[in-house]
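Here is the structure we will look at, set down as structure tokens.
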Amino acid sequence: MQQPVDETIRAALQKTHARLHRQHELVVEFGVMSLKVTDLDQLLTHACEVVAEGMSTRFSKVLQPADEDGFVLTHGVGWDADDIGQATVGADAASPAGYALATYRPVLSNHLGMESRFRTPDLLKKYGIERAINVPIRGVLSPFGVLEADSSNGDDFVESDLVFLEGISNVISMAVERISAGIDAPVPDPYSETILNASPDWVEILTANGEIEFMNEAGLKFMNTDLASVKGQPWYDLWPEASRSIAGEAVAKVCAGETVRFEASCPIAPDEPKFWDVTVAPILGPDGKVERVIAVSRDITERHLYEAQLLSLIEAQNNRQSRSDLVLEEIHHRVKNSLHLVNTLLLLQANLTPDTAVKLQLETAAGRVVTIASVHERLYQAAEDQDVRAPQYLGALLGDLGKALADRHISLDADDFVLPPERMAPLGLVISELITNALKYGKGSIEVIVKHMGGDALLTVRDEGDGFPDHYPKPTGTGLGMRLVKSYSGYGGAAVAVDRQDDKSCVHVRFKL
């Protein structure tokens with residue numbers, strides 16, 4: 001049985017939030033640990049372990065310049081022991097790591113095998129790496145190297161993952177600076193104001209009893225104040241009455257040795273609400289006792305508002321559907337409007353993002369919302385008719401999709417048979433996904449052929465493209481579209497077959513009626 005839509009959305013949000021929260025915790029924990037480390041090799045290996053955990057991947061590494069032409073893999077996890085300290089990658093601008101260090105900018109690629117910007121290093125080919133993030137590590141007098149996360153499977157890396165890697169990279173830079181200066185033991189003031197001021201998050205160092213000792217420049221800007229005005233003030237006094245008890249309890253737990261994370265509201269102006277994801281952790285002295293406390297607050301206002309709007313939309317829709325006097329036509333009208341509203345919001349967000357990969361994902365999601373709206377409308381119109389014929393239903397659906405998504409001709413050749421009511425929506429979604437794929441990657445006119453085969457239907461979609469890549473139908477991105485096709489077909493991975501003998505791009509799907 002499928003989950004309700006609102007439960008599916010909440011589950012997806014919780015998964016994303018859990019990843020962001022864990023990454024936030026890991027940066028703080030790694031920062032505190034780095035203050036006491038004097039062995040650089042130990043620090044870099046641990047950094048790779050932290051990155052692999054935070055990115056939910058097997059592979060992570062530190063690359064350092066070996067000569068003008070290459071980097072050497074000096075530290076890492078997931079790689080063969082023989083490759084650590086020996087394997088090399090190019091350092092020129094055609095290498096992702098070389099480009100990151102040359103430009104001092106992070107590089108994200110979710111499709112290395114299809115990249116036109118870079119070549120895929122032989123080392124990554126050896127391990128089947130499909131996606132990678134490279135972040136430069138700042139050195140004392142020159143670049144120190146590159147921190148990289150790699151994956152051979154799983155979901156795409158996203159922009160928030162860059163923030164996580166840059167946080168780990170900044171901590172490494174701070175430790176390299178300290179160790180290079182010959183400081184072999186924890187210093188009396190075990191944090192770098194320069195590094196803390198470089199963070200876009202609101203960072204405070206507190207005394208063991210919770211009074212503010214330091215606030216970074218981002219925090220002072222958020223609060224529109226200066227350090228002299230807040231120094232010595234109890235940290236929980238900065239929070240409004242509704243959040244003060246949470247902040248106070250967090251300090252008490254941290255002073256007992258725990259690490260605490262919470263979300264709370266703290267407006268920076270009467271008419272400007274702000275929501276924060278806060279991690280509070282102890283800084284231990286040489287004797288193992290809590291010497292100071294670090295509090296890192298990340299602005300999550302935009303995410304919080306999007307969630308509130310989404311949950312409000314779901315709640316409003318549920319309330320409307322529960323009203324006994326709301327007729328079926330009104331429900332249909334409101335569902336359709338809600339889906340088109342979601343489509344508009346996704347396209348707006350796609351237009352605002354500077355990241356090409358994120359933009360593509362948002363536009364793809366918007367297209368799927370339009371598809372669902374079309375399928376929903378056709379199901380509503382056929383709801384009172386138990387003898388819906390395949391050509392009638394699919395012809396109307398393809399007409400809707402052609403108007404919404406296509407500027408290319410879509411033809412239909414369907415056998416005349418009755419569609420079971422419970423399989424109408426899955427059939428519409430499978431064909432819509434195949435057409436969307438043809439519009440996205442193919443060219444020319446599109447043919448849709450549906451043949452009745454007793455308890456099954458054979459769906460064929462052809463276009464005038466150059467055929468499918470060898471790895472198809474294995475996904476190159478998140479794979480959501482192909483997972484939908486396999487799931488709704490009723491036959492899983494055995495449902496999809498590519499006809500490589502056809503002179504056009506041709507895919508067949510076996511669909512259970």
Side-chain angles (χ1 to χ4, degrees), residues 1-5 7-8 11-12 130 153-155 364-365 367-372 374-376 378-379 382 386-398 401 405 410-442 446-463 465 467-502 504-513:
M1 186 174 67
Q2 285 188 322
Q3 273 191 321
V5 174
E7 289 300 322
T8 302
E130 297 180 357
N153 50 43
D155 294 335
T364 300
R368 287 200 173 97
V369 170
V370 170
T371 297
I372 293 170
S374 298
V375 171
H376 171 81
R378 289 299 155 195
L379 288 174
Q386 296 300 310
D387 295 320
V388 177
R389 318 296 299 188
Q392 169 194 346
Y393 170 62
L394 294 176
L397 177 61
L398 265 57
L401 294 174
L405 301 176
I410 304 175
S411 65
L412 172 68
D413 177 11
D415 288 348
D416 188 10
F417 59 95
V418 175
L419 283 172
E422 68 276 8
R423 297 297 285 162
M424 288 170 60
L427 178 62
L429 290 170
V430 168
I431 289 185
S432 299
E433 191 62 43
L434 295 174
I435 290 174
T436 300
N437 196 54
L439 291 171
K440 188 174 181 182
Y441 299 108
I446 299 171
E447 302 172 62
V448 179
I449 303 168
V450 181
K451 295 297 180 183
H452 187 227
M453 302 174 64
D456 297 335
L458 180 64
L459 317 179
T460 301
V461 175
R462 306 170 75 225
D463 66 76
F468 295 90
D470 292 339
H471 60 74
Y472 191 87
K474 181 182 178 182
T476 57
T478 62
L480 176 60
M482 191 50 60
R483 290 203 300 269
L484 288 174
V485 170
K486 293 175 180 178
S487 174
Y488 285 124
S489 71
Y491 290 106
V496 184
V498 174
D499 188 350
R500 301 195 184 276
Q501 304 302 315
D502 198 295
K504 298 183 179 180
S505 296
C506 180
V507 61
H508 303 291
V509 174
R510 183 184 176 197
F511 183 88
K512 188 174 184 178
L513 295 175

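Along the sequence shown, residues carry numbers from 1. Bear in mind that the values here come from a model prediction, so they are computed numbers and not experimental data.
- Listed by chain and number, the residues in a salt bridge (charged side-chain N to carboxylate O under 4.0 Å, His left out) with Lys512 amount to none (sequence neighbours excluded).
- Rounding to the nearest 0.5 angstrom, the gap separating the CD1 atom in Ile449 from the SG atom in Cys506 is 7.0 Å.
- Here the closest non-hydrogen pair linking Asp463 and Gly442 is OD1-CA, 3.5 Å.
- A side-chain contact (heavy atoms from CB on, under 4.5 Å) with Leu434 is found for exactly one of Thr460, Val461, Val448, namely Val461.
- Closest approach of Gly428 and Ser432 over heavy atoms only: O-OG, 2.6 Å.
- Listed for the Asp415 side chain is a donor-acceptor partner under 3.5 Å among the backbone atoms of His452.
- Put simply, the side chain of Asp413 reaches to within 4.5 Å of the side chain of Lys451, judged on heavy atoms.
- Remark: Arg510 pairs with Asp456 by the salt bridge (charged side-chain N to carboxylate O under 4.0 Å, His left out) rule, at least two apart or across chains.
- A 4.5 Å side-chain heavy-atom check between Val507 and Asn437 finds every atom pair outside the cut-off.
- To the nearest 0.5 angstrom, Leu412 atom CG is 11.0 Å from Glu447 atom CD.
- With contacts defined as side-chain heavy-atom distances shorter than 4.5 Å, the pair Arg389/Val418 qualifies.
- Side-chain contact between Leu398 and Ile435: present, with at least one pair of heavy atoms (C-beta onward) separated by less than 4.5 Å.
- Rounded to the nearest 0.5 angstrom, Arg500 CZ and Ser505 OG are separated by 10.0 Å.
- With hydrogens and angles disregarded, no donor-acceptor distance shorter than 3.5 Å links the side chain of Tyr488 to the backbone of Leu429.
- At least one side-chain heavy atom of Val450 sits under 4.5 Å from a side-chain heavy atom of Phe417.
- The minimum heavy-atom distance linking Pro391 with Ala414 is given by the pair CG-O, 3.7 Å.
- A heavy-atom distance below 4.5 Å is found between the side chains of Leu459 and Leu427.
- When every heavy atom of Tyr491 is checked against every heavy atom of Phe511, the shortest pair comes out as CE1-C, 4.0 Å.
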